Every structure is written in C-alpha cells, then in structure tokens.
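The model shown is predicted, which means the values in this text are computed figures rather than measured ones. Throughout, protein chains are lettered first and strands after them, A, B, ... in sequence-line order, and every chain is numbered starting at 1.
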There are 2 protein chains.
Amino acid sequence: MKNESSTVENYIKTIYSLCDKNGKTTVSAVAERLQNNPASVSNMVRRLHEKGLLENKSKLILSKEGNLLARQLIRKHRLWETFLVRVLNFKWEEVHDIAEQLEHVHSPLLTERLPVFLKYPKFDPHGDPIPDKKGNLPDLNAIPLTEAEVDQLYIFRSVATDKSDFLNYLNKKGLQLGQKWKVTEKEEFDGSVKLLIDENREVYFSETVAQNF
Amino acid sequence: MKNESSTVENYIKTIYSLCDKNGKTTVSAVAERLQNNPASVSNMVRRLHEKGLLENKSKLILSKEGNLLARQLIRKHRLWETFLVRVLNFKWEEVHDIAEQLEHVHSPLLTERLPVFLKYPKFDPHGDPIPDKKGNLPDLNAIPLTEAEVDQLYIFRSVATDKSDFLNYLNKKGLQLGQKWKVTEKEEFDGSVKLLIDENREVYFSETVAQNF
DNA sequence: GTAAAATTTTAGATTAATCTAAATTATGAA
DNA sequence: TTCATAATTTAGATTAATCTAAAATTTTAC
C-alpha cells in the first residue's frame, strides 16, 4: 500500500469511526466531524474511491484496503498514547493531540519496534483496545493470563503480541493455541504463574510472559 | 512564534545547514540540496522573508527568529535520534529519515519531556551536539564530569540539562557555576564520583547526576 | 569594460485541499 | 404522489507548493 497524505489518512480514520453497523456513513457526518464543508468531503470521497480506499463511488463504505489503513492508524495512535503516558509521564487527557500527529509518521520499522518496547500492550491509556498489526482487535471477552483465576479452566485463544517469536516460544514450551489450561499456582510477589496444560503438563511463566497472553 | 508547515521548516533547516561563515547561502545551493527547482526556492525565499524568517528580502540570511527555529528543529531531530537508538534499539544509520518526520511533531510539552526521559543528552548517536532549548550548542571544549580525570582541576561552567531543577539541586549541594573542583575518587562499578569543591568541600554524585554536567 | 556564463526572478501552469454559491438529487410527510 | 426540506454534487475560486520556460540580473573571465 503506497503512502497516503495525512489528510487522506484523517479522512479514512474519520470514516472508520463514523461507520454504522452496516459499515456506512454519510458525507454530512464526515463534514461535521472534520469541520469541513460538505462540498470538500464530497470531493475527497471521489478521490478516496480512485485510490481504492472506498468500496463504492458514491457510498461511504471503506474497502478492505481502507479498512486496514484505518485500523493501522488507530493502532499507531494508541501505541503512541501508551508510550506518552507510560514512558514520558503524560496524563491520559493530554496525549490525544500529540498522538494525532505521531500516528502519521511513516516507518514500518518504528511501528514494529514501538510495541516491542512497550511489551505489546492490548489497551491504550484510555482503555481502548489496540488492534494488532493485521488490524484485528483483541477479543474483549478474553482474559489475560495475569487475571486468570486459580483452578478455573480456560482455553488458550490468543497472544497479546504480534511477534511470531513469542508464539514460537510458547509452542516450544508445549503450549498450543486451542489448548485448555488452568492456573494452579500464582506467586504474588513476582507475578509468576504455574499452569496445568491439558490436565497433564505443568509449565511456569514469569509475569512478563504472562502479560503477553 | 506561530506554527510553520513542514515545508517551511525544512527550508529553514536546509538554509541553516548551508550557511557559510557569514551566515549566508544561495538559492542554487538550497535548490540542489532539496532537489527542487531554483524557481521554487526563489518563490519560497520571498515567503520566508514575509514570515520574518529571513533577514533580507533577497539575501539568504536567517533572521533571529529563523535561526532559533532552525536550532530548535535540530534539537528535536537529534533528541529523537537519541531516543530511537537508545530506547528502541535502532542502529545509528537507520534513524535519520524517521527523525526527519518526528522533528515536525509540534508539542511544547513533548519537546520538554523527551530530554527529561533521555537524561538530557548533549550529543546524538552520530556524535553531533544537541542544542539546548534556547538554541545554544554545548561547549565543545567542555568535559563531562563522567570523563573528568582524577585530581585534575576543572571549572564548573555548564550543565547538560536545561531543567532549572537540576541547577537548583546542585546549588543546594553547594555547587555554583564558576567554582573550581576536581574529582578525588571515581567508583568504577557504579560510575559515582567524589568531588572536592573549592579545595575544601567534598560532595558525592551518582552516575546519573554526573552525566548531566 | 564588455560579453559569455551562471544565477535568480518572473510568468504561467499544475496538483492537493480547501472554500462559497448554485444546481441537483434524495427523503419523507401530508 | 407530490412537494418541501435536507443532502449531495458541480462549478468556479483560493492557497501552498511545486514545475517549465523565458526573461532579467549578476558574476567572471578576458
């Protein structure tokens, strides 16, 4: 996907956030949100369609490409917000406008390394979910390993990280997606946990690892 | 100073870096560097002068405002490079283009907090000096406390930080600008140092503090 | 001191992103 | 179903930043 201007990116994000359950929104809604004239929006809609970011010439529905772009921008926005709060000690109310600028910085390597440094956060400081690099939102019903109840049975459905290394590490430890497990012991002082997998294998994980489930 | 576009900022930075000993450069040099047509540069020069960023209508000399803007951009650029290398583990050859984007993010609060987090670095990963927030470059002949030789007498001329808190802290410890001191002991294992100030007072500093001289 | 070469500026066009005003097209209520 | 209102699109202008081509100016070399 080639680079889009910040303006185009802002339109796509706005359209994404205004879409109803049918994945649709209107020219006037976008105009209102961006405080632009409807004529400007109408014009931009044509150009977004030419770029392949909208499904339809006149309907405001994001294409697959447009949808992915929106989610990747939201990902970057929320990662930067997390960075600003956790690392630079901003308050969560202060970070929106700065992240709004930072999200337009284009660098695949940076977008890859920021979440590594932040330990693959699933939620931003406002509590909003951070899409993974493929644009998938974390399962809101999923429970992180650190919050699993002792002796309650769970199914291993996802990891919080998009680093394939991490999944490889778990596989090497004998933990596969889809397996059932429960926490048998929880060490309060260092946050480490002991798991029983498939009723027969025991594995220990440090808190750092546990946070990535 | 009101916000300038990234384009304007890039012109100012380019002019700054091309200026000769008389603080002057040429349309063609800027055109060459930016890979723009000389006609475009000529046009922009008029606009930069209208904005008060150039001294003269036709001569390419930065005004006081323009000069400060350039130094502040260089400051941001080098702080971001330092961040990328030290925090996100980039190699120093990889960071230029990313910093080129990050330097245009406008947020006084961010520009204030980034160097706090980085412990007020004086030099970027390429070894280039980082101007302070007033645009002053660190004295290239100055020696950081961490590199002071034991028993050699020095004069305390500057701190690496622009945080007034730090100077206040030093003053409270009895250390004033202009004073003579020498390192009497240097602890290799934790980088802490013992100073003899004015031949009569002893003070200890941790490595963190020492790095900020 | 003048003419050739280099540099700079002007003039006119282009593109992205915006605007206002006017025209067109949908929507929906009687 | 029709007509008033709301929504959208078109037409034409504007601004920032760029371009090419041509004109004007400045430098340099003899």
Side-chain angles (χ1 to χ4, degrees), chain A residues 1-16 18-20 22-62 65-66 69-70 73 100-101 103-104 106, chain B residues 1-16 18-20 22-62 65-66 69-70 73 100-101 103-104 106:
Chain A
M1 185 163 5
K2 71 174 171 315
N3 276 9
E4 304 297 349
S5 71
S6 293
T7 311
V8 166
E9 291 186 343
N10 282 332
Y11 269 94
I12 292 300
K13 257 193 29 167
T14 303
I15 292 166
Y16 179 87
L18 288 172
C19 278
D20 58 21
N22 308 311
K24 229 158 85 178
T25 187
T26 64
V27 167
S28 45
V30 174
E32 162 76 20
R33 174 69 66 89
L34 292 176
Q35 291 289 287
N36 274 1
N37 194 291
S40 311
V41 176
S42 191
N43 225 291
M44 181 58 96
V45 163
R46 185 178 32 73
R47 286 171 42 216
L48 295 176
H49 179 251
E50 282 163 14
K51 284 169 184 287
L53 296 168
L54 295 181
E55 266 309 318
N56 206 283
K57 188 149 54 170
S58 50
K59 276 180 193 148
L60 268 165
I61 302 171
L62 290 175
E65 289 246 313
L69 177 56
L73 286 165
E100 205 69 26
Q101 297 178 65
E103 75 192 12
H104 300 298
H106 176 78
Chain B
M1 187 163 4
K2 71 175 171 315
N3 276 8
E4 304 297 349
S5 71
S6 292
T7 311
V8 167
E9 291 185 343
N10 282 332
Y11 269 94
I12 293 299
K13 256 192 31 165
T14 303
I15 292 166
Y16 179 88
L18 289 172
C19 277
D20 58 20
N22 308 311
K24 227 157 89 179
T25 187
T26 64
V27 168
S28 46
V30 175
E32 163 75 21
R33 174 71 66 88
L34 291 176
Q35 290 289 286
N36 275 0
N37 194 290
S40 312
V41 176
S42 191
N43 226 292
M44 181 57 95
V45 163
R46 188 178 28 75
R47 286 172 41 217
L48 294 177
H49 179 253
E50 281 162 14
K51 285 169 183 290
L53 296 168
L54 296 181
E55 266 307 318
N56 207 283
K57 188 148 56 169
S58 50
K59 276 181 193 147
L60 268 165
I61 303 171
L62 290 175
E65 289 246 312
L69 177 56
L73 287 164
E100 206 69 27
Q101 297 178 64
E103 76 191 12
H104 300 297
H106 177 78

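Between A:His104 atom NE2 and A:His106 atom NE2 the span is 13.5 Å, to the nearest 0.5 Å. Taking OG1 of A:Thr26 as the reference point, atom CD1 of A:Ile15 lies at 10.5 Å (rounded to 0.5 Å). The line from CG of B:Leu73 to CD1 of B:Ile12 is 9.0 Å long, rounded to the nearest 0.5 Å.
Annotation: side chain to side chain contact (heavy atoms under 4.5 Å, CB included) contacts of B:Thr7 (sequence neighbours excluded): B:Ser5, B:Tyr11, B:Met44. Not counting sequence neighbours, the partners of B:His49 by the side chain to side chain contact (heavy atoms under 4.5 Å, CB included) test are B:Leu54, B:Lys57. Every residue meeting the salt bridge (Lys or Arg N to Asp or Glu O under 4.0 Å) condition with A:Lys51, not counting sequence neighbours, appears here in chain and number order: A:Glu4.
Contact check for B:Leu60 versus B:Leu18: no side-chain heavy atoms found under the 4.5 Å cut-off.
The phosphate of C:dT18 (OP1 or OP2) has a side-chain N or O of A:Tyr11 nearer than 4.0 angstrom. Put simply, A:Ser40 has no side-chain N or O that comes within less than 4.0 Å of OP1 or OP2 on C:dT18.
Computed from coordinates, the B:Asn3 CG to D:dA16 C1' distance equals 16 Å when rounded to whole Å. Separating the CE atom of A:Met44 from the P atom of D:dT9 is a distance of 14 Å, rounded to the nearest angstrom. For B:Asn43 and D:dT20, the CG to C1' distance is 13 Å, given to the nearest whole Å. Atom-to-atom, CG of A:Asn10 to C1' of C:dA16 comes out at 15 Å; the value is rounded to the nearest Å. In this structure, B:Arg46 places its CZ atom 12 Å from C1' of C:dA11, rounding to the nearest Å.
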Are there any protein N/O atoms within less than 3.5 Å of an N/O atom in nucleotides 24-29 of chain C, and if so, which ones and at what distance?
none

Nucleic acid footprint by protein, nucleotides 24-29 of chain D - heavy-atom cut-off 4.0 Å, B for base, S for sugar-phosphate alone: ------
Step by step, work out the side-chain contact (heavy atoms from CB on, under 4.5 Å) result for A:Val30 and A:Val45. CA-CA 10 Å; A:Val30 174; A:Val45 163; over 6 Å; no
Output, in order, the C-alpha distance, side-chain angles, deciding distance and verdict of side-chain contact (heavy atoms from CB on, under 4.5 Å) for B:Asn10 and B:Glu103. CA-CA 10 Å; B:Asn10 282 332; B:Glu103 76 191 12; 3.8 Å; yes
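Backbone-only engagement by B:Thr7 is indicated by non-hydrogen atom pairs under 4.0 Å involving sugar-phosphate atoms exclusively.
Residues from residues 28-39 of chain A with heavy atoms under 4.0 angstrom of DNA chain C, sorted by number: A:Gln35, A:Asn36, A:Asn37, A:Ala39.
The existence of a salt bridge linking B:Arg46 and B:Glu50 is confirmed by a sub-4.0 Å separation between a basic side-chain nitrogen and an acidic carboxylate oxygen. Contact check on B:Lys13 versus B:Glu100 returns a salt bridge, with a Lys/Arg side-chain nitrogen under 4.0 Å from an Asp/Glu carboxylate oxygen.
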